[in-house]
Student: 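Handing you this structure, nothing more for now.
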Amino acid sequence: QVQLVESGGGRVQPGGSLRLSCAASQFTWDTYAIAWFRQAPGKEREAVSCFSTEDGSPFYADAVKDRFTISSSRDNDKITVYLQMNSLKPEDTAVYYCAADRVGFGCEYFGADEWNYWGQGTQVTVST
């Protein structure tokens, strides 16, 4: 059973940076997708970024394009996915979640309810 654990959240001033990590253990899939979602109070969970093993490039939501970067590293059955967040804005404040599933392409087309594996979330607060 894949387990996902996020870390790296915190409070930062506007214009600052944070790097989130998602540690996935018992990860034996060769074909997969991993995504970062976020959910602000009173709002629906939205996709921020994702990548699929069979796609050429990752997906970024328009709101974070050119500010956020997704990357990953793998060591056997452990994979760590990062979300580097720069030029943070107050509207980036949310709980950030990572999600994973055994799909090799088109991660941007999967809504939140279609991902089967989730972490517990990490809070990001951007304020003065």
Student: Is there a side-chain contact between Thr125 and Val12, using heavy atoms and a 4.5 Å cut-off?
Tutor: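 Thr125 vs Val12: side chains apart.
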Student: Which residues pass the side chain to side chain contact (heavy atoms under 4.5 Å, CB included) test with Tyr109, not counting sequence neighbours?
Tutor: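 Per chain and number, Tyr109 pairs via side chain to side chain contact (heavy atoms under 4.5 Å, CB included) with no residue.
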Student: Among pairs that include at least one residue of residues 28-42, which meet side-chain hydrogen bond (donor to acceptor under 3.5 Å, both in side chains), considering only residues two or more places apart or in two chains?
Tutor: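 For residues 28-42, and leaving out neighbouring residues, the side-chain hydrogen bond (donor to acceptor under 3.5 Å, both in side chains) pairs sorted by first residue read Arg38-Glu46, Arg38-Asp92, Arg38-Tyr96, Gln39-Arg45.
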Student: Return the set of residues passing salt bridge (Lys or Arg N to Asp or Glu O under 4.0 Å) with Arg74 (not counting sequence neighbours), or none when no residue passes.
Tutor: none
Student: Could you give the distance from OG1 (Thr80) to CD1 (Ile34), rounded to the nearest 0.5 Å?
Tutor: 9.0 Å
Student: Of all the heavy-atom pairs spanning Ile70 and Pro58, show the shortest one and how long it is.
Tutor: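 What the structure gives for the nearest pair is CG2-CB, 3.6 Å.
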Student: Looking at Gln120, I'd like to know if its CD atom is crowded, meaning that more than 12 non-hydrogen atoms belonging to other residues, nucleotides or ligands lie closer than 6.0 Å.
Tutor: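 Count over threshold, so yes.
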Student: Are any of the side-chain heavy atoms of Phe51 and Val81 separated by less than 4.5 Å?
Tutor: yes
Student: Nearest 0.5 Å, what's the OG-CZ distance between Ser49 and Arg67?
Tutor: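 The distance works out to 12.0 Å.
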Student: Decide, yes or no, whether a salt bridge links Asp62 with Lys65 under the criterion of side-chain N to carboxylate O below 4.0 Å.
Tutor: yes
Student: Connecting only ILVMFWY residues whose side-chain heavy atoms lie within less than 4.5 Å of each other, what is the rest of Val103's hydrophobic cluster?
Tutor: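 The other cluster members (ILVMFWY side chains, heavy atoms under 4.5 Å, direct or chained) are Phe37, Val95, Tyr97, Phe110, Trp115, Trp118.
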Student: Would you compute the distance between atom CZ of Arg11 and atom OG1 of Thr128 and round it to the nearest 0.5 angstrom?
Tutor: 9.5 Å
Student: Test: side-chain hydrogen bond (donor to acceptor under 3.5 Å, both in side chains). Region: residues 12-25. Which pairs qualify, not counting sequence neighbours?
Tutor: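 For residues 12-25: Ser17-Asn86.
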Student: So, taking the atom named OG in Ser52 and the one named CG in Asp101, what distance separates them when rounded to the nearest 0.5 Å?
Tutor: 10.5 Å
Student: Show, in sequence, the C-alpha distance, side-chain angles and deciding distance for Tyr117 and Gln1, and conclude whether the side chain to side chain contact (heavy atoms under 4.5 Å, CB included) test is met.
Tutor: CA-CA 9 Å; Tyr117 299 90; Gln1 180 82 357; 3.7 Å; yes
Student: Counting C-beta onward and ignoring hydrogens, is there a side-chain heavy-atom pair between Val124 and Thr93 closer than 4.5 Å?
Tutor: no
Student: If I take atom OG1 from residue Thr53 and atom CG from residue Asp55, how far apart are they, to the nearest 0.5 angstrom?
Tutor: 8.0 Å
Student: Less than 4.5 Å apart, side chain to side chain, heavy atoms only: is that true for Pro90 and Pro14?
Tutor: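 The answer is yes, as the side chains (C-beta and beyond) meet within the 4.5 Å cut-off.
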Student: Supply the atom-to-atom distance Cys22 SG to Tyr82 OH, rounded to the nearest 0.5 angstrom.
Tutor: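 Those atoms lie 10.5 Å apart.
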Student: In this structure, would Phe59 and Met85 fall into the same cluster of hydrophobic residues linked by side-chain contacts under 4.5 Å?
Tutor: no
Student: Is there a side-chain contact between Phe27 and Asp75 (heavy atoms, below 4.5 Å)?
Tutor: no
Student: With Thr69, which residues qualify under side chain to side chain contact (heavy atoms under 4.5 Å, CB included), at least two apart?
Tutor: Tyr60, Gln84
